[in-house]
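A quick write-up on the structure given underneath.
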Amino acid sequence: AAVQGAILVTGGAGFIGSNFVHHAILHTDQRVIVVDKLSYAGNRASLRGLPDDRVEFVRGDICDRALVNELVTRVDAVVNFAAESHNDNSLADPEPFISTNLAGTFALLEAVRAHDVRYHHISTDEVFGDLALDDPGRFTEDSPYRPSSPYSASKAGSDHLVRAWVRSFGVRATISNCSNNYGPRQHIEKFIPHQITAILDGGRPGLYGDGRNVRDWIHVDDHCAAVLRILESGQLGQTYLVGADGEHTNKEVMELILRLMDRPVDAYDLVDDRPGHDLRYALDASKLRDELGWRPRHADFEAGLCETIGWYRDNRQWWRPSPEDSRV
Ligand code: NAD
Ligand code: TDX
């Protein structure tokens with residue numbers, strides 16, 4: 001196999017990173033080192049229940065070049081999930097997006113270059129900007145980069161760094177650009193868990209603008225399986241789009257959540273729109289399907305959403321820790 005003993009997972013206490021660590025422990029015999037600085041978005045509880053002899057947790061910053069350099073010498077591959085990930089935060093204060101998403105990627109690239117370690121870069125469909133609501137097209141690997149927000153611009157810049165390190169230095173890297181993920185352990189700042197937890201708390205959820213914006217949803221497990229497949233069999237230097245043909249307007253998703261939670265489907269407010277709000281994301285994952293044989297397993301969005309609602313209902317202490325929890 002392309003990857004042997006151990007993987008360094010950056011941002012492994014975050015939403016997708018922690019799901020990836022659980023996935024890799026279940027589906028491979030790899031050992032995993034997680035490095036995560038435990039920003040507001042990181043949660044140590046997301047890594048509970050994993051075997052101690054296969055998972056090591058290191059609290060640290062991917063911008064710390066000495067730390068990253070040392071960790072890279074102990075693994076066969078790096079998967080970089082660590083990022084500032086929320087568009088609204090990037091509008092309020094772009095600075096951490098520049099340091100983590102750009103300087104952090106730079107630190108990792110220099111380390112994998114020095115030690116010739118395989119690198120996989122996690123990115124987003126947002127680097128391509130948005131599509132018009134009436135545009136029948138979808139993003140492909142060849143779509144031009146046209147990011148809209150400080151977040152997506154920092155991710156776009158990080159992708160460019162990876163490609164430059166591949167071409168100029170022969171770094172053995174791949175990139176994946178995924179659509180909007182949903183599932184367990186997603187920070188409640190994000191749309192789906194934000195609405196679910198607002199309803200569980202007895203509040204009224206808010207839809208930005210008129211709710212016509214479209215997102216292309218994929219279950220986080222399907223994203224994790226795709227990343228593992230690319231790590232094992234992806235062609236070096238290549239980019240793969242990851243998506244599961246899951247386009248829905250925000251209004252549709254809001255109404256579905258309300259219905260699944262036994263609330264009237266109009267029990268929400270329209271609130272101020274996000275400045276620069278991207279209209280539509282949609283991506284064509286044919287390359288990943290045709291070349292690597294990946295298929296999404298959670299094709300039924302309603303069933304996946306129902307399960308996700310159940311997870312937030314059953315894991316209130318994860319998203320609303322009590323004072324006793326924080327003292328442990
Ligand atoms: P998240 O915000 O839930 O998790 C990010 C994790 O990175 C957190 O645990 C945080 O503590 C950690 N982190 C932040 N800065 C760090 C630093 N400097 N050093 C070490 N750790 C640091 O994000 P997520 O939604 O899991 O996204 C993970 C990756 O996937 C990001 O690169 C994001 O751009 C990409 N992505 C996300 C989505 C989505 O829908 N959530 C879709 C496509 C791509
Ligand atoms: O309260 C809300 N109401 C609302 O209508 C929130 C938080 C969001 N929205 C809208 C904005 C978006 O159109 O819902 C949609 C989804 O919003 P987010 O969850 O903030 O995601 P988005 O901006 O689409 O970006 C996400 O997908 C791509 C992730 O946060 C990124 O990390 C990823 O790269």
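Order of appearance sets the numbers: ligands from 1, and atoms from 1 within every ligand. Note: hydrogens, waters and symmetry copies are ignored here, and every other heavy atom, side chains too, is used. Small disclaimer: the values here were computed from a predicted structure and weren't measured.
Atom 12 (C) of ligand 2 has as its closest protein heavy atom H277 NE2, 3.4 Å. Ranking the protein heavy atoms by distance from atom 5 (O) of ligand 2 puts Y208 N, 2.8 Å first. Nearest protein neighbour of atom 19 (N) of ligand 1, counting heavy atoms only, is I62 N, 2.9 Å. The closest protein non-hydrogen atom to atom 3 (O) of ligand 1 is F15 N, 3.0 Å. Ranking protein heavy atoms by distance to atom 26 (O) of ligand 1, first place goes to I16 N, 2.8 Å.
Considering backbone and side-chain atoms together, R215 places an N or O closer than 3.5 Å to an N or O of ligand 2. At a 3.5 angstrom cut-off on N or O pairs, N180 counts as close to ligand 2. Ligand 2 has an N or O atom lying under 3.5 Å from an N or O atom of G206, backbone or side chain. Ligand 2 has no nitrogen or oxygen under 3.5 angstrom from a nitrogen or oxygen of W217. Taking any N or O of N43, backbone or side chain, none lies under 3.5 Å from an N or O belonging to ligand 1.
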Could you go through the side-chain hydrogen bond (donor to acceptor under 3.5 Å, both in side chains) check for Y119 and N80 one step at a time? CA-CA 8 Å; Y119 177 82; N80 179 23; 3.1 Å; yes
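With 3.5 Å as the limit, one finds a donor-acceptor pair spanning the side chains of K190 and S85. Counted by atom type alone, R138 and S143 present zero donor-acceptor pairs between their side chains at under 3.5 Å. N43 and R185 share no donor-acceptor pair across their side chains, judged by distance under 3.5 Å alone. There is no side-chain donor-acceptor pair under 3.5 Å between D278 and N87.
If you number the atoms of ligand 1 from 1 as listed, the ones under 4.0 Å from a heavy atom of S123 come out as 43 (C), 44 (C). The distance from ligand 1 to the heavy atoms of S179 drops below 4.0 Å at these ligand atoms: 42 (C), 43 (C). Which parts of ligand 1 touch S39 is read off a 4.0 Å heavy-atom cut-off, strictly below it: atoms 10 (C), 11 (O). Of all atoms in ligand 2, listed by their number and element, those nearer than 4.0 Å to a heavy atom of E189 are 7 (C). With ligand atoms numbered from 1 in the order given, ligand 2 contributes 20 (O) to contacts under 4.0 Å with heavy atoms of H86. Interface of T124 with ligand 2, defined as ligand atoms under 4.0 Å from a residue heavy atom, comprises 28 (C), 33 (C), 34 (O). Counting the atoms of ligand 2 from 1 in the order shown, those under 4.0 Å from a heavy atom of H194 are 1 (O).
Ranked by closest heavy atom to atom 1 (P) of ligand 1, the top entry among S85, A82, G11 is S85. Among E126, H121, K190, K37, the residue whose heavy atom lies nearest to atom 16 (C) of ligand 1 is K37. For atom 4 (C) of ligand 2, the nearest non-hydrogen atom from the set F191, Y281, Y151, Y268 belongs to F191. The residue among F191, F97, Y151, F81 with a heavy atom at the shortest distance from atom 33 (C) of ligand 1 is Y151.
Side-chain contact between H248 and E255 is absent, with no heavy-atom pair separated by less than 4.5 Å. With contacts defined as side-chain heavy-atom distances shorter than 4.5 Å, the pair D210/N213 qualifies.
Ligand 1 lies less than 4.0 angstrom from a heavy atom belonging to A13. For G60, the closest heavy-atom approach to ligand 1 falls below 4.0 Å. Under a 4.0 angstrom heavy-atom cut-off, P96 registers as lying outside contact with ligand 1. Note on ligand 2: M254 sits outside its first shell, no heavy atom being nearer than 4.0 Å. By the 4.0 Å heavy-atom criterion, Y182 is excluded from the residues contacting ligand 1. Residue K155 places no heavy atom under 4.0 Å from ligand 2. Put simply, part of K155 is less than 4.0 Å from ligand 1, judged by heavy atoms. The closest approach between S18 and ligand 1 stays at or above 4.0 Å for every heavy atom of the residue. Residue T10 places every heavy atom at 4.0 Å or more from ligand 1.
The same ILVMFWY cluster, assembled from side-chain heavy atoms under 4.5 Å apart, contains both L109 and I175.
The six-membered or imidazole ring of F301 lies near that of Y182, with a centre-to-centre distance under 6.0 Å.
Within a 6.0 Å radius of CG in D52, other residues, nucleotides and ligands contribute 12 heavy atoms or fewer.
Only the backbone of L38 comes within contact range of ligand 1, with a heavy atom under 4.0 Å; no side-chain atom does.
Relative to the six-membered ring of F57, R44 meets both conditions, a distance below 6.0 Å and an angle of at most 45° to the axis.
The NZ atom of K287 lies 6.0 Å from the OG1 atom of T239; values are rounded to the nearest 0.5 Å.
D201 contributes no side-chain N or O that, together with a main-chain N or O of G203, makes up a donor-acceptor pair within less than 3.5 Å.
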